[in-house]
Amino acid sequence: MTSALPASYVRSDRSSVKSSETASDTTAALDASITAWALAARGGDVHAVERFVRALHRDVQRYVAHLCGDPQAVDDLAQDTFLRALGSLHRFEGRSSARAWLLSIARRAVIDSYRYAAARPRLSDVPDWRMAVERAQPQGLPGFDDGIALLDLLDSLPDDRREAFVLTQLLGLPYAEAAEVSDCPIGTVRSRVARARATLLALLDAADAPAALAA
(Lines give C-alpha, C1' and ligand atoms only; values in the text may rest on other atoms or scores of the structure.)
Protein backbone atom coordinates (compact mmCIF):
# COMPACT_ATOMS: atom_id res chain seq x y z
CA MET A 1 0.00 0.00 0.00
CA THR A 2 2.85 2.40 0.78
CA SER A 3 4.05 2.21 -2.83
CA ALA A 4 0.97 4.24 -3.78
CA LEU A 5 2.41 7.31 -2.04
CA PRO A 6 2.91 10.05 -4.65
CA ALA A 7 6.51 11.20 -4.85
CA SER A 8 5.39 14.84 -4.76
CA TYR A 9 4.81 14.46 -1.02
CA VAL A 10 8.50 14.02 -0.31
CA ARG A 11 10.50 14.55 -3.54
CA SER A 12 11.49 17.96 -4.85
CA ASP A 13 11.96 18.85 -8.53
CA ARG A 14 11.23 21.92 -10.63
CA SER A 15 7.60 21.09 -11.31
CA SER A 16 6.89 20.27 -7.69
CA VAL A 17 8.61 23.49 -6.58
CA LYS A 18 6.36 25.55 -8.91
CA SER A 19 3.33 23.62 -7.67
CA SER A 20 4.45 24.21 -4.10
CA GLU A 21 4.74 27.94 -4.71
CA THR A 22 1.22 28.05 -6.14
CA ALA A 23 -0.11 26.06 -3.18
CA SER A 24 1.70 28.42 -0.79
CA ASP A 25 0.09 31.45 -2.43
CA THR A 26 -3.34 29.82 -2.16
CA THR A 27 -2.76 28.90 1.48
CA ALA A 28 -1.58 32.43 2.30
CA ALA A 29 -4.69 33.93 0.72
CA LEU A 30 -6.94 31.52 2.61
CA ASP A 31 -5.10 32.21 5.87
CA ALA A 32 -5.59 35.94 5.35
CA SER A 33 -9.34 35.39 4.93
CA ILE A 34 -9.54 33.13 7.98
CA THR A 35 -7.60 35.62 10.10
CA ALA A 36 -9.95 38.38 8.96
CA TRP A 37 -12.92 36.21 9.98
CA ALA A 38 -11.34 35.61 13.40
CA LEU A 39 -10.87 39.34 13.92
CA ALA A 40 -14.45 40.01 12.82
CA ALA A 41 -15.66 37.25 15.14
CA ARG A 42 -13.80 38.95 17.98
CA GLY A 43 -15.95 41.99 17.28
CA GLY A 44 -19.14 39.95 17.59
CA ASP A 45 -19.84 38.99 13.97
CA VAL A 46 -21.80 35.73 14.26
CA HIS A 47 -21.41 34.86 10.58
CA ALA A 48 -17.64 35.34 10.86
CA VAL A 49 -17.57 32.91 13.79
CA GLU A 50 -19.31 30.29 11.64
CA ARG A 51 -16.91 30.83 8.73
CA PHE A 52 -13.88 30.68 11.05
CA VAL A 53 -14.96 27.39 12.63
CA ARG A 54 -15.97 25.79 9.33
CA ALA A 55 -12.70 26.77 7.63
CA LEU A 56 -10.43 25.25 10.27
CA HIS A 57 -12.46 22.38 11.72
CA ARG A 58 -10.89 19.76 9.44
CA ASP A 59 -7.34 20.99 10.11
CA VAL A 60 -7.89 20.87 13.86
CA GLN A 61 -9.27 17.33 13.64
CA ARG A 62 -6.32 16.12 11.57
CA TYR A 63 -3.77 17.81 13.81
CA VAL A 64 -5.11 16.51 17.13
CA ALA A 65 -5.49 13.06 15.57
CA HIS A 66 -1.76 13.06 14.81
CA LEU A 67 -0.93 14.18 18.36
CA CYS A 68 -3.25 12.04 20.47
CA GLY A 69 -3.41 8.27 20.66
CA ASP A 70 -7.16 7.94 21.15
CA PRO A 71 -9.32 8.18 18.00
CA GLN A 72 -12.43 8.36 20.16
CA ALA A 73 -11.13 11.60 21.69
CA VAL A 74 -10.56 13.49 18.43
CA ASP A 75 -14.01 15.06 18.18
CA ASP A 76 -13.98 16.03 21.85
CA LEU A 77 -10.52 17.57 21.55
CA ALA A 78 -11.56 19.51 18.45
CA GLN A 79 -14.63 20.80 20.25
CA ASP A 80 -12.53 21.72 23.30
CA THR A 81 -10.11 23.56 21.02
CA PHE A 82 -12.83 25.72 19.49
CA LEU A 83 -14.45 26.41 22.85
CA ARG A 84 -11.10 27.61 24.18
CA ALA A 85 -10.46 29.66 21.06
CA LEU A 86 -13.86 31.34 21.03
CA GLY A 87 -13.43 32.15 24.70
CA SER A 88 -10.05 33.73 23.96
CA LEU A 89 -10.92 35.60 20.77
CA HIS A 90 -10.87 38.91 22.63
CA ARG A 91 -7.11 38.40 23.07
CA PHE A 92 -6.40 37.51 19.44
CA GLU A 93 -4.81 40.50 17.67
CA GLY A 94 -3.86 38.94 14.33
CA ARG A 95 -0.09 39.10 14.85
CA SER A 96 0.09 35.52 13.58
CA SER A 97 -2.39 33.73 11.34
CA ALA A 98 -5.58 32.52 12.99
CA ARG A 99 -4.68 29.00 11.82
CA ALA A 100 -1.37 29.00 13.73
CA TRP A 101 -3.06 30.54 16.77
CA LEU A 102 -5.81 27.91 16.74
CA LEU A 103 -3.42 24.97 16.27
CA SER A 104 -1.39 26.23 19.26
CA ILE A 105 -4.59 26.04 21.30
CA ALA A 106 -5.25 22.54 19.91
CA ARG A 107 -1.78 21.46 20.99
CA ARG A 108 -2.40 22.69 24.53
CA ALA A 109 -5.77 20.93 24.58
CA VAL A 110 -4.07 17.63 23.70
CA ILE A 111 -1.35 18.15 26.32
CA ASP A 112 -4.00 18.90 28.95
CA SER A 113 -5.85 15.73 27.94
CA TYR A 114 -2.63 13.75 28.47
CA ARG A 115 -2.29 15.21 31.94
CA TYR A 116 -5.88 14.38 32.75
CA ALA A 117 -5.51 10.82 31.41
CA ALA A 118 -2.32 10.32 33.45
CA ALA A 119 -4.23 11.23 36.59
CA ARG A 120 -6.87 8.53 36.10
CA PRO A 121 -6.65 4.79 35.40
CA ARG A 122 -6.80 3.67 31.77
CA LEU A 123 -9.87 1.50 31.26
CA SER A 124 -8.98 -0.06 27.94
CA ASP A 125 -6.61 0.12 25.03
CA VAL A 126 -7.65 2.03 21.93
CA PRO A 127 -6.68 1.75 18.26
CA ASP A 128 -3.69 3.77 17.12
CA TRP A 129 -3.71 7.38 15.93
CA ARG A 130 -4.00 6.48 12.26
CA MET A 131 -7.66 5.47 12.59
CA ALA A 132 -8.54 8.94 13.81
CA VAL A 133 -6.58 10.64 11.04
CA GLU A 134 -8.25 8.47 8.41
CA ARG A 135 -11.64 9.47 9.80
CA ALA A 136 -10.61 13.13 9.54
CA GLN A 137 -9.50 12.77 5.90
CA PRO A 138 -11.99 13.84 3.20
CA GLN A 139 -13.14 10.62 1.55
CA GLY A 140 -14.30 10.03 -2.00
CA LEU A 141 -11.80 12.50 -3.42
CA PRO A 142 -8.82 11.92 -5.77
CA GLY A 143 -5.74 11.00 -3.82
CA PHE A 144 -7.55 9.64 -0.75
CA ASP A 145 -5.84 6.24 -1.04
CA ASP A 146 -2.52 8.04 -1.46
CA GLY A 147 -3.25 9.96 1.73
CA ILE A 148 -3.81 6.74 3.64
CA ALA A 149 -0.54 5.38 2.24
CA LEU A 150 1.18 8.51 3.53
CA LEU A 151 -0.28 7.84 6.98
CA ASP A 152 1.25 4.37 6.89
CA LEU A 153 4.68 5.90 6.31
CA LEU A 154 4.19 8.70 8.83
CA ASP A 155 3.54 6.07 11.46
CA SER A 156 7.25 5.19 11.38
CA LEU A 157 8.42 8.72 12.22
CA PRO A 158 9.27 9.97 15.73
CA ASP A 159 6.50 12.15 17.18
CA ASP A 160 8.36 15.46 16.83
CA ARG A 161 9.27 14.86 13.17
CA ARG A 162 5.77 13.66 12.35
CA GLU A 163 4.27 16.80 13.89
CA ALA A 164 6.65 19.08 11.96
CA PHE A 165 5.90 17.28 8.69
CA VAL A 166 2.14 17.36 9.26
CA LEU A 167 2.12 21.07 10.11
CA THR A 168 4.25 22.21 7.18
CA GLN A 169 3.63 19.65 4.43
CA LEU A 170 0.04 18.54 5.05
CA LEU A 171 -1.56 21.53 6.76
CA GLY A 172 0.57 24.05 4.87
CA LEU A 173 1.81 26.21 7.72
CA PRO A 174 4.91 28.35 7.06
CA TYR A 175 7.94 27.17 9.02
CA ALA A 176 7.81 30.22 11.29
CA GLU A 177 4.22 29.51 12.28
CA ALA A 178 4.89 25.78 12.67
CA ALA A 179 7.68 26.74 15.08
CA GLU A 180 5.22 28.90 17.00
CA VAL A 181 2.71 26.06 17.23
CA SER A 182 5.37 23.52 18.28
CA ASP A 183 7.02 25.97 20.69
CA CYS A 184 10.51 25.44 19.27
CA PRO A 185 13.01 27.38 17.09
CA ILE A 186 12.33 27.58 13.36
CA GLY A 187 15.65 25.85 12.68
CA THR A 188 14.46 22.88 14.71
CA VAL A 189 11.30 22.63 12.59
CA ARG A 190 13.35 22.76 9.38
CA SER A 191 15.64 20.03 10.68
CA ARG A 192 12.74 17.81 11.73
CA VAL A 193 11.03 18.20 8.35
CA ALA A 194 14.26 17.45 6.48
CA ARG A 195 14.84 14.32 8.55
CA ALA A 196 11.22 13.26 8.15
CA ARG A 197 11.47 13.69 4.37
CA ALA A 198 14.71 11.69 4.26
CA THR A 199 13.09 8.86 6.21
CA LEU A 200 9.99 8.90 3.99
CA LEU A 201 12.14 8.84 0.85
CA ALA A 202 14.06 5.85 2.15
CA LEU A 203 10.82 4.03 2.94
CA LEU A 204 9.39 4.93 -0.45
CA ASP A 205 12.50 3.63 -2.23
CA ALA A 206 12.35 0.42 -0.17
CA ALA A 207 8.68 -0.05 -1.11
CA ASP A 208 9.43 0.53 -4.79
CA ALA A 209 12.42 -1.86 -4.90
CA PRO A 210 10.43 -5.16 -5.05
CA ALA A 211 8.26 -3.79 -7.86
CA ALA A 212 11.34 -2.79 -9.84
CA LEU A 213 12.88 -6.25 -9.41
CA ALA A 214 9.65 -7.94 -10.52
CA ALA A 215 9.57 -5.80 -13.64
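What you see is a predicted model, and the numbers here were worked out from it, not measured in a lab.
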If we only count heavy atoms from C-beta on, is the [X] to [Y] side-chain gap below 4.5 Å?
X	Y	result
D45	W37	no
C184	R192	yes
V49	F82	no
V74	R62	no
V189	V193	yes
V46	E50	no
R108	I105	yes
Y63	R107	yes

Group every Ile, Leu, Val, Met, Phe, Trp and Tyr by side-chain heavy-atom contacts under 4.5 Å, then state whether Y175 and L102 land in the same group. no

Path from I186 to V166 over hydrophobic side-chain contacts below 4.5 Å: no

Specify the closest pair of heavy atoms between [X] and [Y], including all atoms of both residues, with the distance to one decimal.
X	Y	answer
L77	A109	CD2-O, 3.7 Å
T35	A98	OG1-N, 3.0 Å
A48	A40	CB-CB, 3.6 Å
L203	S156	CD1-OG, 3.1 Å

Given 3.5 Å as the limit, does a donor-acceptor pair link the side chain of [X] with the main chain of [Y], or not?
X	Y	answer
R42	F92	yes
S97	A100	yes
S191	G187	no

Atom [atom1] in [X], atom [atom2] in [Y]: separation rounded to 0.5 Å?
X	Y	atom1	atom2	result
L67	L103	CG	CG	9.0 Å
L39	F52	CG	CZ	10.0 Å
R84	D112	CZ	CG	4.5 Å
L173	E180	CG	CD	9.5 Å
L167	E177	CG	CD	10.5 Å
L200	L157	CG	CG	5.0 Å

Using side-chain contact (heavy atoms from CB on, under 4.5 Å) as the criterion, point out the one residue from R95, H90, R91 that pairs with E93.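 When side-chain contact (heavy atoms from CB on, under 4.5 Å) is applied between E93 and each of R95, H90, R91, only R95 qualifies.
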
